[in-house]
Structure formats: structure tokens, C-alpha cells
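Notes for the one structure printed next.
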Amino acid sequence: MSDEEHHFESKGDAGASKTYPQQAGAIRKNGYIVIKNRPCKVVEVSTSKTGKHGHAKCHFVGIDIFNGKKLEDIVPSSHNCDVPHVTRTDYQLIDISEDGFVSLLTENGNTKDDLRLPTDDNLLSQIKDGFGDGKDLVVTVMSSMGEEQICALKDIGPK
Amino acid sequence: MGLPREFHEQCRRSLELDYLKVFYCWARGAALSVTSKILDSDLAAPEVKVCTAAMRLMLQILTWEFQYNRKGTKSINHFSAGVRHDNALTNRTDCILVQPGLAWHDVLISSGDTVWLSNLYAALRQKFSPQSSWIDSPIAVSARKLLVQFCSVTGTIFPSDSGQSQEQYLVRLLSGIILWVEPSDAISKEIESGKSGSEMLDGCRALLAMATVTTPAAFDRLLKSIRPYGTLTLLSTLMGEVIKVLISQNSEEETWSWEARDILLDTWTALLMHSLQPLHITGGGISLPPEGAVAAANLFALIVDSELKAASASAYNDDSDSDYIHASISAMDERLSSYALIARAAIDVTVPLLTRLFTERVSRLHQGRGIVDPTETLEELYSLLLITGHVLADEGEGETPLVPDAIQRNFGDFLEADKHPVVLLSGSIIKFAEHSLDPDLRASFFSPRLMEAVIWFLSRWSPTYLMSLEETHDRNDDSLLSRGHQLPQNSRKTVANYFSEYSYGKFVLGTIVRVSIITFTSYPGENYLQGMTCYQLLHALVRQKNICVHLVALESWRELANAFAHEKMLFMLNASHQRSLAQTLVLSASGLGNSEAANQYVKDLMGHMTKYLVELSSRNDIRSISQQPDIILSITCSLERLRGAARASEPRMQKSIYEMGLSVLNAILVLLEVYKHESSVVYVLLKFVVAWVDAQITYLEAKETAAVVDFCMRLLQLYSSHNIGKISLSLSNSLLSDAKTEKYKDLRALLQLLSALCLKDLVDLSSDPVESEGTNISQVVFFGLHIVTPLISLELLKYPKLCHDYFSLLSHMLEVYPEMVGQLNNDAFSHVVETLSFGLHHQDSEVVNMCLKALRALASYHCKETAAGKVGLGSRASDPRNPSGGTENRIFSRFLQSLLQLLLFGDYSPDLVGAAADALFPMILCEQSLYQKLGNELIERQANPEFRLRLTNAFQALTSLNQLTCTLDRMNYQRFRKNLSNFLIEVRGFLRTK
């Protein structure tokens, strides 16, 4: 049942492949899709036909999950699209360093120090303010296709 | 203007009764006085302007919404400012009825205005016709508009002589108007060569107006006094001409012929709907006069011809938006239903015509196979399928539609089933559908679009004809006969028997199922087609028990079920289609003989999916593999299938569906944890739980209930722990708003879950009471609300559905368990109060209504308890330490004030007054002294002594009229409702100003 025939083990990196193929017609709004080699969240799917008596094609509007840019793609609905492997991991926020990196506590007790803070002022201030207020913050880091970014934070009580 | 509303209403009344007619007479006088001068001068003369202005005024007066003449008096709408919907005028095919009442008879009917205006227009027409611009000159336009308006005069203005005087009146009008539209071919030629079409369009509008105010027979008679044929023939010729022009133009632009076609179609619809109505009232069933039927038949042939030409011409168009079936069906639906009405008016001719056209196209396909590009023929077949579907069957809209009356009545003499025209037509289409099973034929003819039309037709046709239950209801027909319905029963039975379970029905059903499977397996990615098969065709089939019995016995149905349970093929379908398919398959189990077989069937169908979920959730590496897109896809699909199955719960399969859910409960909690960041999976998880609990809770025994309730609470807590205080960060606004929408949907699902739990206290089919296991539903739900409420922000309450669900759950809880409110802690209590106060001022009257119900329940509970010497809501309602002090903390004093404020000064729907009275009455009893104080304040504020007196009396009457007493029983509630409504009618007129 687990759709083994979709597994793309030949993709290069051993273990987790970055993307999986999935039939375009099965991709729904709110799902993920790769457009122009960028991982996107699908915000709009519409279908049309190639000629009146032709086959259906799907028109996807996606938003790049990292930079928020809008991308579009048209795929015949019986063809396969690439779907990115998106993971999200929670870490406790330990420190924000001056040079724009954060220090995070992983589940097994190590620290992860290679993640940059977002450059957007608004996002940055949301993180910094919370941290500055002395709240205990858990950040959610989203990673896909070799990129990582903080995508959510959650207050779990005062420090 | 700062004047009371009462005053405005009086103005309106006095204008209508006293002045409108006078104004009209003045305008008429002015117009009449210049008539002779106009006829002698040219269009630039000042008299022409006078006449035009006068006619415009007359037209304006006739569009007045006459209210007082109809029933003598009409009460003022005191509760909200009435807005007249003037936009009704903007719709070009709308026809406004003018019903001024008997008082206008002398001015409008007997004065001969119509003759004067007709003559004036005819004279002007004669004089200026060489100038082509004349038709659109102001005087011509207003004269025509006024004439059309004259045509729509109806109602009590005519004496009750069974419509004779109205007919004479209309004949006089028609004799002038006929020149605008006849001879139609010459006129259309002139218009095509540059003449303005406005006169002709106004002529069509006049016909529409006449059709609206008369019966078909009377309508047809109108013209007979001046021409050798009837008005229906005229209408048919005229429309035929318009359609010819439409075909020849074939452009996308909206031209006069489009407009004319729409107006004329509306005219037919108005006429034919008339002819349908008396059937139910008189039982006779009036059809068109024979001449009219011929006219309709000719017209329908023309229409089909034009539709086919349009279809083949547009076959290669590639503007993808407009030619998509759902867009085109909904856009065409109205038009097609009008066509169907016309076709049914001459059903004995039109059904064979459709059969012939359809067979022709099919044989053309076969002949040209491999040689000619079939696209044009495919498009024609597509059109024919849509038209035929509308002609043969009505949309059921959830009910089982009957065979249309026209078909029942008109084929009396066909007793041999295989020659019955309807059987022939249906049969040829079904046979055609069967061709799609052949891979070669499918590849060459059955494009996704044509398949959509085939599926659409089958789903429209089968509820009416396939194994219809009518033949088993023959006994009921006796009662119809005794009421004078001398319907030829045989005809109906012939069609029904032909497609019944004893004859060809089974074979047709098998074909339909096989065609459905084909749409799933051979049209990958055609979501719309597959959706239509799932939602329309298969759903319609399993709705009927007698069909289910045969479905489960069919080999092809078993194939479908087997493929669904075990093959990956159907996992490629869109997830929501899989849900629907699961529902359909489970529902069909009701056709199995006993509950054991049904439960086993469901187990076999769903066992595979539950096993998969359980195994997956217990894997050690679930965390790492869970984020893979393929795993997410198959989990989503499995959950959607379970949800579909849960929705299909029926007593017969209840047990197996309960076990299905029970086996995955732990898996669900694991998955909720694993996918806490994957909102789309969280949503399907929640939705499955909601559907399952909702369907199962009433059947569960106490022990099972306790387990389910316990699970729900764990689920709520887990969800809340994941989401409370969480902030999404994203550069993209649309992703952020998406996140908000997702949250809204989750919360709505959680509220639905709580409402589903509430059901247990209302309907309980189990053998022992829930309390025997120590479960208290009200406590559980309040606890659940307490968990969910912090997640709902004011921002989220802007989603109307969430708002609605939230308030209905809250008001339900307060109504059924008011005693719980006294036990709430301060936080929770003030939350409830704030929410009610927010809801009371909500725009949605339904929300206000729910809040009022909740208040009534709380206040009357408190009243009754305190009267019995108990504490009631205790300190929540009155502060014993400081009984006269601040009103802020006392729930009823606070709401008494705000409710009075709303009732007296706010804007609200009159429907709310009853509910408001029910809430106000017990609150007044709870807070009598405050009520007195507020009333006195209000009276003192009135400067005008007359109003002050009226207000004082009204307050007096509110609490004393109709023998109102201080006990909370039904009688008193009713009396108070009456009193309050009188009170508001009396005082709002002067308290509210505008």
C-alpha cells in the first residue's frame, strides 16, 4: 500500500531523496510541489483541457516555502510532478548570537549552531522580541531540498 | 432628516393614496395637450420634450411599488429600514408587474390612454420612419417603455370577469405592438443592415410582459382577433428568426439577437410554467393549444439545429475556461431548462427527433472512424447529451424525481416497450455509453469531455428511470384517478417496467458500473470526470435501497470493491474522491440481506487500510519516514477512505464501522503527534474523528462511550498543546493567511467534535445510561470548550462558519446545562459573558438568536431556582454583599441594559423580536428594580410631552397587558412576546430617528 513504485532510490543521495514523483492530478491545494527546482506550497490548483476533447492539465500556483515568491506551472494531469520532501523539526532556542546565528538545543542534547536568523526585519524582530522577553521559545525549523529556515515559534512558558 | 420613522411611512402612504394618481393625471394631461402639435412639427420642437418628460414621469409613477391598494392597509415595517431593491430593474429580462389596484381603473383602463399612446407612437413611426435615428430618439424610447409597462398592468385593477377585460385591454395594446416585431424576417434583415434593434427588443419585452400576466390559452387568443394565427405561432416564428440570425452570426459578442433570444426564452418559460402549475391545482393539466404545440415543435427543432451548429463550429475553440463542463453546464443550465420546457410542450415530436439526431451522429462516428477527425461530431454529441438529459429527466435535488408529466401524459398508446420513444432514446444513449468499454472505440471516440457528458447524462437519467419504484406503488394511483387524474398509466409503466429490476434494469445497472470503473482506471488525472462519477452517478445509485440490493450482487460492483480494497490503482484518485467512493461502497452494503453479511463486507473493504495505519504508526522509524511525500499521500488517502466509510454508518453496519475506528484510535494519536506541523494531515485526522464520533456516538454502550470520550479529550489536549501560543513565520502573506485558514478549519472540526459528543445526551440508543460508567457529557463538553476556546481568537471568529458553530455549541450548552454556569471558575465565566455580549451585537441574526436563547435559558433557570429558594446562579447573578452596587459583575443586569438598548435603538431583523422577548422577560423578573430605573430614565429623556406620554403608556402596557403575570410559563412567554412586539411598534416609530 505504501506506493513503493514511487520510491526514487536512484536519485543520487543515499537514503532520503529530496523529491518524490506524484501524479499531478493527485496533488491538492495545501500540498507541496517542486516548481522550477524550488520547493513550493500549492495555493491554487485549476484544471483545463488541451483543446476541447483533449486531456486535462493542471495549473499550479505555488509559493516558495522559503522566500515566499510565487511560481506557476502547467502539467498534464496524468503526468508526474516532483514533490519535495519537507521536514520540520522542533528545537529549543538557547541563544541568539550577534553575528546573526542562532544556537539550538537538539533532542539528543547537542547544539546546532549553523542556522542563520532570517534577514527579514519583521520575522527577525518577532524572534528577537520573544527571546528578549525572557520567554522559553521552541522554534520549528523547516528543511527541504538542502535549505533550512525557521518557520514557527512557540512560547512554552517563562524561562 | 431627524424625523421619526413613523412619519416617513405616513408620507409614503399619503403619496401613494392621495397624490400619485393626481400626478399621473397631470402628466397625462400635459402629454395629451401637446399631442396634436407634435404630429405637425419635427423632432426638435419643444413640445416633443414636454411629451417625453411627461411620459417618463408616467413611467416612473407606474414603477412605484404599490402597497396600500392591495390589501387596503399594510403594517409598517418597524424593525429595519426598508430598502427597495431597485436593482431589479437592471436585469434586462426582468418584468415588473404593475398592480395599482382598482382605484386606478378609470385612469389607466377606461380612459383609453393605451389607445392614445399606441396611436401616437404609430403616427410618429409612420411620419419619421425614413430617419433611422428616430427609433432611438428620447420620445420613441419613452413611449415604448411606457407601452411595455402598460402591458404588465395586472391585478385588482381589472374587474373580476375571468380576465375578459384584461384580454381586450391587451389586444388593444398588441395591435399596435405587433408592427414592431412583424414580419419578423424583414425586420431582422433591416436590423442586420444597420437599423437599431431597440424597437424589436421592446416588442419582445411586451410579449414577455403579456405572457407573464396571462395564461397560455389567453395569450394565444390575443392575436387571433387581428390575425389568422395565434400569438404562440407569432412567438415561435419570431424566435425562429432570432435563432437563424444567431446561427449566421456565430460571434462571441453579445448582440441584439442574444438579448432577443433571452427575452423570448423567458417568455416561453413564463408561458410553459403557467401551463405546468394548473396541473397540480385543477388536476386537468393544461397543455398548449394544438397550434402552440406545433409551434413549439418547430421551434425546438430549430433550437437543436442551432445548438448543434454552434457546437460543431466551436469544436476547435481552445479558450479553456468557458468550455469546461461545469462552467458550461451551469451557464447553460437555465437555457437548457427553457429548451426542455419547449421540448416537453411537444414531446411526441421532439423525443423521436432527438433519437434520430443522436443515432445519426453515432453512425457518422463509426463510418468516419480512422478517416475523418471526429472532433466536430463529438462536440455535437456532447450538446445532444446535455439537451436530452434535460428533456427526459428533472433534477432530483436530493429527492427521487418523477418521470416528467409531459412524458407520462403523451405516450399513452405505446404499449410495446421496445418501441416506446423514450425507451428508444434512452436505449440508444446507453448503448453508446457501452461502447466506451471497448479500448479501441474508447481511444478513438471517448474523449474526457464526451465521457463527462455521458456520465452526466447517466446520473441525470438513472434516478428517474432506472429500477424506479413506481410500479410497486400502483395502488396509490387509484387515489389519483379518483381525483380526476385520468393519466394513461400504461405509458408510465411501460418505460418503468422496461428499466425495472425484472427486465433490462439489471443489465443497464451493470453497464453503468462498468462505465464508472472505466472512468477511474482509463482516465488518469481527469479529476473532474472522476469526481462526477463519484459524487453524482454512484451516489445517486446507492441512495436507493432497491438498487443497492442489485449492486452488491453484481460482478462488476464486486470488482470495484476489490480494486478499492487491494489495488494501488484507485490510490491514484484524488483523495476526496476516494472518500466519496468509500462512502458509496460502504453504503451499498445496506443491500445485503443481513447485518452479519453487511459487517463482514465492510470489514473486508476497510480492513486493509486500518491494518496499514496501525502498522505504520507502530514502526520505530515513523518519525523519519513520516515526512516522505509518498507516505503522507497514502496516509491521507487511507484516512479519507476511513472518513468516507464513517460517514456511511447505518445501523446495519454500525458494528464494523465502530471496530474500524476503534482499531486506529491509538494510531491517530501517534500520527497527530508526528504530523503536528503538517496541517493537511492534521486536518484529515480530525475530520475522520469527527465523522466517526458523530456517526457512532448514539449507538455506543456506556463503556464504549467512556472510551471514546476519553480518547476525544486526549486528542483535544494534544492538539491544544501543539498549537497554543504558536506563531507561524513566513515571508509570504498568502502562506500566513493560509495558515490561519487551516487553523480555522481545525478549530471548526474540534467544535464539531464537541457538538457530536453533545448528541449522546439527546439521542441514546444504547441499553444502559452513560452515567453508569461515570461519564458526564456536559462536564466533558464544558471541559472541551475550555480547551478549545483559548485557541479561538476574535480574528478567527470572523470566519462565519466557525462563528456559527461556536455560538451554536455555546448556546446549546447554556440552554441544556444552565446549572454548569454557576460552577465555572471566574476566567471561564467571564469568557462566557464576553462571548455572549459579543454575539448579541453580531451582524448575523442567527448568531444573535442563539445568544438570546442562551440568555433566556440562563435567566429563566435563575428565576426558577431563586423562586424555589435555591441559589440559582448565585453570585454570578447577584452580589449578596453589595446588592445595589455596580452592575458590571451581575450577568443579568448587564444584559438587560444592552438588550433594551438594542431593541429600542438598534437595527435588527424583525424575526428576532420573539427570541428577544423570551430572553427579556425572565431578565426583567430577575432584575426588576433595574428595569424600573432604566424605564424611568428613558421616559425622562423625552423632551416632547406627547411622546413622553406615549412612552410611559407603552412601558405600562408592556408589563401589564394581556393578563401578564410573574410566572415563567408558556402562556406568559406568549403574552410577553405579543406585548413586546406591540411595544416596539408603538415606540420605535418615534424613538428612532433618521
Side-chain angles (χ1 to χ4, degrees), chain A residues 1-7 16-17 19-20 22-26 28 30-32 41 43 47-58 63-70 76-79 83-88 90 118 120 122-123 126-127 130 140 142 149-156, chain B residues 314-318 320-321 323-324 374-375 378-379 382 447-450 523-530 568 571-576 608-609 612 616 624 627-634 636 638 676-680 683 722-735 738 742:
Chain A
M1 182 143 319
S2 59
D3 279 12
E4 280 95 342
E5 82 269 25
H6 285 316
H7 234 97
S17 37
T19 62
Y20 287 76
Q22 209 168 82
Q23 195 192 65
R28 290 216 269 180
N30 290 339
Y32 296 104
K41 183 165 183 182
V43 290
T47 38
S48 53
K49 286 197 165 63
T50 45
K52 253 194 181 162
H53 289 272
H55 290 280
K57 59 193 181 204
C58 297
I63 292 187
D64 189 319
I65 54 174
F66 292 115
N67 64 26
K69 289 203 174 107
K70 192 167 149 185
S77 63
S78 56
H79 288 204
V83 175
H85 188 164
V86 181
T87 55
R88 293 190 197 72
D90 284 351
D120 182 78
N122 193 11
L123 301 190
Q126 274 177 304
I127 299 176
T140 308
M142 168 173 70
Q149 197 178 67
I150 296 176
C151 70
L153 53 136
K154 187 162 164 346
D155 182 2
I156 54 166
Chain B
S314 69
Y316 294 102
N317 286 4
D318 195 14
S320 49
D321 288 338
D323 45 318
Y324 207 42
T375 312
L378 295 183
E379 191 58 24
Y382 173 87
S447 72
R449 181 175 159 91
L450 186 60
Y523 291 86
E526 296 292 341
N527 273 337
Y528 187 70
L529 173 63
Q530 291 163 347
K568 283 181 191 125
F571 261 93
M572 303 299 289
L573 292 180
N574 188 311
S576 52
H608 208 56
M609 281 128 233
Y612 168 71
L616 189 86
S624 58
Q627 307 292 335
Q628 292 170 10
D630 55 339
I631 302 281
I632 293 182
L633 181 71
S634 54
T636 312
S638 304
K676 61 181 175 185
H677 295 306
E678 197 57 66
S679 56
S680 57
Y683 183 65
H722 291 157
N723 288 284
I724 200 133
K726 186 175 166 184
I727 304 168
S728 307
L729 300 176
S730 173
L731 282 172
S732 155
N733 280 331
S734 77
L735 285 188
D738 255 18
E742 278 155 8

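Letters A, B, ... are given to chains in the order of the sequence lines, protein chains preceding strands, and every chain is numbered from 1.
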Scored by heavy-atom pairs under 4.5 Å with chain B, the best of Cys58(A), Ala152(A), Gly68(A) is Ala152(A)
Q. Do Ser576(B) and Arg28(A) come close enough that some side-chain heavy atom pair is under 4.5 Å?
A. yes
Between the CG atom in Leu378(B) and the NZ atom in Lys52(A), the distance rounded to the nearest 0.5 Å is 11.5 Å
Okay, Asn733(B) and chain A: the region with an atom under 4.5 Å from a heavy atom over there is neither
Counting heavy-atom pairs under 4.5 angstrom with chain A, the leader among Asp738(B), Leu573(B), Asn723(B), Leu450(B) is Asp738(B)
Note to self: In the structure I gave you, are the side-chain heavy atoms of Cys151(A) and Arg88(A) within less than 4.5 Å of one another anywhere?
What the structure shows: yes
Pair count under 4.5 Å, heavy atoms only, with chain A: among Lys726(B), Glu742(B), Gln627(B), highest is Gln627(B)
When the 4.5 angstrom heavy-atom criterion is applied to Thr87(A) and chain B, the contacting part is both
When the 4.5 angstrom heavy-atom criterion is applied to Pro84(A) and chain B, the contacting part is backbone
The interface call for Thr636(B) against chain A, heavy-atom contacts under 4.5 Å, is side chain
Are there over 12 heavy-atom neighbours, none belonging to His722(B), within less than 6.0 Å of that residue's NE2? yes
Under 4.5 Å to a heavy atom of chain A? For Thr375(B) that would be both
Honestly, the part of Val86(A) sitting under 4.5 Å from a heavy atom of chain B is backbone
OG (Ser634(B)) and CG (Leu616(B)) are apart, to the nearest 0.5 Å, by 7.0 Å
Pairing of Asp90(A) and Lys676(B) as salt bridge, 4.0 angstrom limit: yes
Applying a strict 4.5 Å limit to non-hydrogen atoms, the region of Tyr32(A) in contact with chain B is side chain
Scored by heavy-atom pairs under 4.5 Å with chain A, the best of Pro629(B), Ala575(B), Pro374(B), Ser679(B) is Pro629(B)
CD1 (Ile727(B)) and CG (Asp155(A)) are apart, to the nearest 0.5 Å, by 7.5 Å
Counting heavy-atom pairs under 4.5 Å with chain A, the top scorer among Ser730(B), Gly525(B), Ser732(B) is Gly525(B)
In terms of heavy-atom contacts, Pro448(B) and His53(A) come closest through CD-O, 4.1 Å
